[in-house]
Each structure stands twice: as structure tokens, then as C-alpha cells.
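Below is one structure, written out as C-alpha cells; comments come after it.
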Amino acid sequence: MAEHNKNLHIVARIQEYCAEIDAMTERFGKTQVAFSADFAYRSACAMCVLQIGELAARLTDDFRDRHNGVPWKLIRAMRNVFAHDYDNMNIAQTWTTITTDIPRLKEYCGEILRMEGYGESEDKA
């Protein structure tokens with residue numbers, strides 16, 4: 001049971017980092033031109049993507065197998081690119097990730113949390 005709650009907590013944290021990326025696109029601009037031109041924008045988003053990948057690696061294999069609606073291995077692989085080869089980051093690919101893949105991941109994490117009833121006991125307290 002504790003492992004299951006740990007997985008759900010990780011999913012909630014992933015969803016929070018997705019929301020951080022959403023907030024950054026609102027703050028810095030919703031265009032690839034703005035993203036390309038602003039090192040701070042790229043770095044902030046990259047840090048969130050890196051953290052998402054780090055958290056995805058902590059999910060149990062069983063949990064990832066049961067919730068296979070996103071490519072967990074690719075999420076972890078992207079973390080490695082951001083951590084070890086940041087200077088060669090493909091800006092266009094990263095923009096697609098933060099504007100297409102991250103919103104999908106955020107929604108999927110929300111579905112998991114709703115399905116599992118995560119956070120409902122805190123809401124009633």
C-alpha cells in the first residue's frame with residue numbers, strides 16, 4: 001500500500017512540474033520564437049523536463065506497466081539528454097515536447113490521480 005501511495009505522490013509531483021511549464025509558457029510567451037530567443041525560458045523548461053524524467057524513473061515497473069498511456073521510458077531518456085547533453089538540445093523538438101507532450105502528460109497524470117482517488121481525503125479534512 002505504501003508503494004502505491006508513493007507512486008501516486010510521484011505522479012502528483014510530475015503533474016506539478018507540467019503545470020510549472022504551462023506557467024512559463026504563459027509568462028515568457030507561447031511561441032517557439034520566444035522560446036528560442038530566451039535562455040532563461042529554455043533553461044527553466046529544461047529543468048522541469050529533467051525533474052519529470054527523474055521522477056518517472058522512481059515509479060515502480062508495475063505502476064508504469066499498469067499506466068502505460070505515456071512513454072515512461074522516453075520521458076526518462078529525455079531527462080538524460082537534458083542532464084548530459086544540454087548544449088546540443090534541439091530547440092524545435094523541445095518546443096514540441098513542452099507544448100504538445102507535456103500538456104498530454106499533465107492530463108494523463110490527472111486521470112491517474114482522479115481514477116485512484118488521490119487527494120480526496122485531504123479535500124474532506
List the atom pairs, donor and acceptor, that lie under 3.5 Å between side-chain atoms in residues 27-36 and the rest of the protein, sequence neighbours left out.
unit_1 : atom_1 : unit_2 : atom_2 : d
K30    : NZ     : E26    : OE2    : 2.5
T31    : OG1    : A34    : N      : 3.0
S36    : OG     : Q32    : O      : 2.9

Could you pull out all donor-acceptor pairs under 3.5 Å where a side-chain atom in residues 8-19 meets a protein atom, sequence neighbours excluded?
unit_1 : atom_1 : unit_2 : atom_2 : d
H9     : ND1    : Y118   : OH     : 3.4
R13    : NH1    : E16    : OE1    : 2.3
R13    : NH2    : Y17    : OH     : 3.3
Q15    : NE2    : K106   : O      : 3.3

Side chains of residues 45-59: which donor-acceptor partners sit under 3.5 Å, not counting sequence neighbours?
unit_1 : atom_1 : unit_2 : atom_2 : d
E54    : OE1    : R79    : NE     : 2.8
E54    : OE1    : R79    : NH2    : 3.1

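The hydrophobic clustering, which links ILVMFWY residues whose side-chain heavy atoms are closer than 4.5 Å, places Y108 and L113 together. In this structure, M24 is a member of the same hydrophobic cluster as I91, with clusters built from ILVMFWY side-chain heavy atoms closer than 4.5 Å. Hydrophobic clustering (ILVMFWY, side-chain heavy atoms < 4.5 Å, transitive): F39 and I21 are in one cluster.
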- [ ] Walk me through it: do D101 and R104 pass the test side-chain contact (heavy atoms from CB on, under 4.5 Å)?
- [x] CA-CA 5 Å; D101 300 330; R104 287 179 188 156; 4.0 Å; yes

Open item on the list: Using salt bridge (charged side-chain N to carboxylate O under 4.0 Å, His left out), reason through D38 and R42 one step at a time and then give a plain yes or no.
Closed with: CA-CA 6 Å; D38 193 325; R42 292 191 312 274; over 6 Å; no

TODO: Assess whether side-chain contact (heavy atoms from CB on, under 4.5 Å) is satisfied between T60 and E3, documenting all intermediate values.
DONE: CA-CA 8 Å; T60 62; E3 193 169 85; 3.4 Å; yes

Open item on the list: Would D61 and F63 count as a side-chain contact (heavy atoms from CB on, under 4.5 Å) here? Give the steps.
Closed with: CA-CA 5 Å; D61 290 337; F63 188 87; over 6 Å; no

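Taking 4.5 Å as the limit, some side-chain heavy atom of M115 sits within range of a side-chain heavy atom of H67. Counting heavy atoms from C-beta outward, E116 and I112 have side chains that approach closer than 4.5 Å.
Minimum interatomic distance between W95 and T99 (heavy atoms only, all atoms of both residues): O-OG1, 2.7 Å.
Counting only distance, with no hydrogens or angles, the side chain of T25 and the backbone of D22 share a donor-acceptor pair below 3.5 Å.
Put simply, OG1 on T97 and CD1 on I75 are 10.0 Å apart, with the number rounded to the nearest 0.5 Å.
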